[in-house]
Each structure stands twice: as C-alpha cells, then as structure tokens.
Amino acid sequence: MNVLDVDYMLGLVPVLLSYLPLTLEMAGAGMVLALILACLLAVVRVLAIPGLNALTLLFISFFRGTPLLVQLFLFYYGLPQLFSALTEINGITATILGLTLHFSAYMAESIRAAIVGVDRSQTEAALSIGMTNGQLMRRIVLPQATRIAVPTLMNYFIDMIKATSLAFTLGVTELMGATQKEAAGSFLYFEAFITVAVIYWGIVELLAWLQRRLEARFNEAYQR
Amino acid sequence: MIVVEGLIKHFQDSAVLSGIDLQIQQGEIIVVIGPSGTGKSTLLRCLNFLERPDAGRIRIGNLDVDAARPRKADILALRRATAFVFQNYALFANKTALENIIEGLIVVNRWPKAKAQARGREILERIGLADKADAYPASLSGGQQQRVGIGRAMAAQAEVILFDEPTSSLDPEWVEEVLGLMKQLAEERQTMLVVTHEMAFARDVADRVIFMEGGRIVEQGPPSELFSAPRDPRTRDFLRKVLANQAPLES
Ligand SMILES: Nc1ncnc2c1ncn2[C@@H]1O[C@H](COP(=O)(O)OP(=O)(O)OP(=O)(O)O)[C@@H](O)[C@H]1O
Ligand SMILES: [Mg+2]
C-alpha cells in the first residue's frame, strides 16, 4: 500500500474550498425556496383546502417516492425535450429546482406536524379573546411550531448540502465535480475523495453545532 | 344585559342544545350545574362562538347576533364581549404570565405596549402573582396557571366571563386559591357564568343556579331555593348524587 500523499491533500484543500461557495449557494437557494414552498404546502394540508389538498398530497407523494437523482435528470434532460424554451436550462438551475421540490415535500410534512403539534386549546384561547386566524397563527402557533420544526428542518438542510454533490452528474463543477476533475488529473483518487469527504464532514459538524445552540436558545424561553 | 334566545346546537344528528333561553343581568353571578354530557360546555362555547350554534339569537349590550347567520364582524365582536376561562387553562406556552394577560390588549385592542403592561401589572397584583410576571406557564403551578387564565379574561374587560369547570383539572391543594379569586371577582360584581361541580361555591357566591339536563334548562333559581327545595325530580336526583360525594351544604 502506498503512503498517503499528505502534501497533495493539503494543497488540494484551498483548490476545493474555492468551489465551496457554489455548493453553499445551491443549498442556500434550495433551502430558502423549499421552506417557502413547504410552508404553503403545509398550510394547504392543515386547512385541508378542498382540491388543493389532493394535489398537494400527490405532489408530496411523488417527490418523496422517487429518487432525487431521477428527479434531477428529469428536469435537466427531460424538461428541455418537452419545452423547447428550456433548452438552455443549466445544471445549477436544474439542481436548485430539484432540491427545492424534493426537500419541500419532506419539509411540508414536518411543518404540518409542528403546526398540528401546538396544543389546540391555545388556538381556542386566542380565538376566545377575539384574535383573528392570522393573528393567532403569527403570534401563538407559528412561534411554537417553529421551535418544534427547527431541529428537523436543520437536518434537511444538512441533507441538502450533501445532496448538492449530485449536481456533478449534471455537469456542474461544484465541490464534488471539482474533486472528480482533480482526482482524474492526479490519479490520487483516495487522497482527493478523502479530502472532499472531510470538507463535507466539517461543514455538517459546524451546522450541527449551530443547530444545538439554536435549540438551546429556543428552549430557554419555555423553562425559567 | 345579556339575552340568549332559542339557542340550538347539534353535533351530527344529536341535539346537544335544544333551545336555551337565558337572561343575565349586569353583575349577576350564575352557576350552571348538571350531569356530564348535558351541553354545559357547549352552551358556554356557543356564547363565545368557539362552537357555531345552529340557530338562536344572542344579544349583548348593543350587539345583536343571529346565531344561524353571523357576520364575521359579529363573531369577533361577540368574542370581545365575552371572555373564556378554560378547564385546562390553555395559556399561551410561548408567552410569560404578563404577556399572556396583555396579549389581547395589544393584538386585539391595539393598546400601546406601555399602557398594556401597566394594566397587566395591575391585574397580576390583583390575582396575587405580581412576582411571576416574567414566568412562563410551564414553570407555574396549576393554581397559578389558572389564575393567569382568569387574569387574561379580566384584561379583556368583557361583559361576561365564562368559566368552564375552572377547578376541575386542579390538584386539590390549588382549588381554594382559584375559587378565592373567583369570589373576589364576584364581590366586584363582575358578571360571571360558571360551570362547576363546586356546590359550596354555587351556594355561597351564585345569585342564581341553573340546572341543565339533556340540552335544556330544567330548573333555575337562587341557590337557597334550588338546593333546599328542588322542584324537578331530575334536579333532586342530580343533587342527591353530587352531594353524596361532597361535604354537606348545610352550614
Ligand atoms: N365537537 C364535538 N363533536 C361531537 N360531539 C360533541 C362535541 N362536543 C361535545 N359533543 C357532545 O355533546 C354533548 C354535550 O357535551 P358538553 O361537553 O357540552 O357536555 P357537558 O355538560 O359540558 O359535560 P361535562 O360535564 O362532561 O363537561 C356530549 O354528548 C358530547 O359528547
Ligand atoms: Mg363540559
């Protein structure tokens, strides 16, 4: 067995890190869009809006029931075939679209569960003092639902960061794509992939640490 | 004055309220008693529109609501004219005791924060929890939570406070402090409609006791009459059963 080429790995770190912003941009954009979409889907589910509710269930079922990679290929290779205007859809856009739809399906369910998880009697109490539905959502239900949902949503964000690596199959040179190219040039596959693994791992650990701090802050308010 | 006429409520096919007529004078303290499943909670919840009545009319002050065809504004107005105290307190878990009390003043009545807080502290004083202003419900005892629940209702300055079994979820040790606070409110002539199984409270505090069964008001009168000489056999039957489980009422 050859010894690990540590110098190569150290030299690779800054090269790979220069692709980190693209990875984080895709995950960040995907997360923001997925959150917005998930909130809308969750509201439809909670209010059981007729018609829309069935569509939402279908949407959630499809995007949870099929692999993300299949969805990405569908958007990147499939959509342009249907809509000629989309021939120019680039890999980054297709990735963000895929991440958004895929993860919003999961997140919608955890947001719905969090909203439903807020004790129903508090809703009645808010109504009983004359609050409107909007007011009681904003001031009573959503703050508590957020606290319930944050840990799960953070987990989805972490999953999403790792899932951006699939963008490389759409020809996007992000963290994973860059590593692949470097490795193919140097033939030092093990060094290259262990380096990128450590980089992903580091980001995830950083986020997990943030998540723990966030949770501690949220819970503080309920026990004094 | 509050006037309820012909209030009817069905759940699925079963009638839970079969035409309730009720008048409440300003400052009157009314206790509602009756067997389980008789519609006592439903009556209170209909007055507050937490439950939507099928028919009837509710008049409070200038407000006159056709319960079958309420406008949205009517419902909000009715809720502002009535305050509710829940069996399980139903405090806002994300708000402190003070915030629970003034939430309605800020959000519904749109008072400036400083004014609402000043009022909130007055109320905390009156419910004996001045030192708990910044405590969250989770850290309060059952009795303290229910006193905050009553404080929240007091802040609403409603025409009437509706109490639905306010002491039924409490450990016995906290019951007296909550009943004490309710007595204090009664002495200040706060109009109250109270569903409770606390017969001693009914005897000592109520101006009128209403006995309900099967979605109807069977009998009503001053506690001295209703407890000592109930006319309807159903009332007699109920009182015999309830009083067998409680300390005797004769004082
Ligand atoms: N949301 C609901 N859906 C269907 N049925 C209901 C609902 N709420 C109450 N009921 C039924 O209506 C009847 C009256 O209930 P209600 O809670 O008003 O009685 P209650 O007099 O308050 O009884 P308790 O002393 O047990 O609190 C009961 O038979 C109950 O099962
Ligand atoms: Mg009841």
Side-chain angles (χ1 to χ4, degrees), chain A residues 35 38-39 42-43 46-50 107 110-154 211-224, chain B residues 41 44-45 47-52 72-97 99-110 132-140 145 148-149 152-158 161-162 164 169:
Chain A
L35 262 179
C39 283
V43 168
V46 169
L47 300 180
I49 299 173
M107 284 160 41
S110 42
I111 293 174
R112 187 192 66 87
I115 292 176
V116 173
V118 176
D119 181 14
R120 161 105 196 127
S121 70
Q122 292 185 46
T123 300
E124 296 201 329
L127 289 176
S128 82
I129 56 177
M131 282 201 212
T132 62
N133 281 324
Q135 288 169 336
L136 88 87
M137 269 289 161
R138 220 170 45 247
R139 305 209 28 123
I140 308 298
V141 177
L142 291 183
Q144 295 182 62
T146 306
R147 168 171 168 261
I148 303 173
V150 157
T152 357
L153 294 180
M154 279 297 279
Q211 176 182 2
R212 284 191 297 273
R213 297 232 358 215
L214 213 59
E215 277 176 49
R217 267 233 357 243
F218 268 127
N219 290 333
E220 208 173 90
Y222 294 82
Q223 28 191 262
R224 211 185 288 176
Chain B
S41 298
L44 260 52
R45 292 167 58 82
L47 295 182
N48 200 253
F49 261 86
L50 285 176
E51 220 68 79
R52 218 189 155 110
K72 221 173 179 172
D74 285 339
I75 295 179
L76 285 181
L78 204 61
R79 285 185 176 147
R80 285 166 201 185
T82 55
F84 209 103
V85 175
F86 296 85
Q87 180 174 342
N88 66 352
Y89 335 127
L91 297 184
F92 306 131
N94 60 331
K95 309 247 169 219
T96 63
E99 288 166 348
N100 262 278
I101 291 172
I102 66 177
E103 180 70 7
L105 294 177
I106 288 177
V107 179
V108 178
N109 302 23
R110 304 206 176 278
K132 296 290 185 188
D134 297 325
Y136 284 85
S139 70
L140 297 175
Q145 288 189 56
V148 173
R152 179 172 64 188
M154 288 160 67
Q157 293 198 291
I161 301 184
L162 310 167
D164 191 7
S169 301

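Just so we're on the same page: letters track the sequence lines, and every chain starts at 1. Just so you know, these numbers use all the heavy atoms, side chains as well, and skip hydrogens, waters and symmetry mates.
- Here the closest non-hydrogen pair linking Leu76(B) and Thr132(A) is CD1-CG2, 4.0 Å.
- Of the listed residues (Asp119(A), Thr123(A), Ile129(A)), the greatest number of heavy-atom pairs within a distance under 4.5 Å of chain B belongs to Ile129(A).
- Across all their heavy atoms, Arg80(B) and Gly130(A) have their closest contact at NH2-O, 3.3 Å.
- When the ring pair (Phe, Tyr, Trp, His ring centres under 6.0 Å) test is applied to Phe86(B), the partners found at least two apart in sequence or on another chain are Phe84(B).
- For the pair Leu127(A) and Arg79(B), the tightest heavy-atom approach, listed with the atom from each and the gap, is O-CD, 2.9 Å.
- Contact residues of residues 110-118 of chain A toward chain B are absent (heavy-atom distance under 4.5 Å).
- With sequence neighbours left out, the salt bridge (charged side-chain N to carboxylate O under 4.0 Å, His left out) criterion links Glu51(B) to Arg45(B).
- Atom-to-atom distance recorded for Gln122(A):CD and Asn94(B):CG is 6.5 Å, nearest 0.5 angstrom.
- Residue pairs meeting the salt bridge (Lys or Arg N to Asp or Glu O under 4.0 Å) criterion with at least one partner in residues 125-146 of chain A, sequence neighbours excluded, are Arg139(A)-Glu103(B).
- Scanning both residues, Glu124(A) and Leu50(B), for their nearest heavy atoms gives O-CD2, 3.6 Å.
- Contacts of Leu91(B) with chain A are made by backbone atoms alone, with heavy-atom separations under 4.5 Å and no side-chain atom involved.
- Across Ala90(B) and Ala125(A), no two heavy atoms sit closer than the pair O-CB, 3.4 Å.
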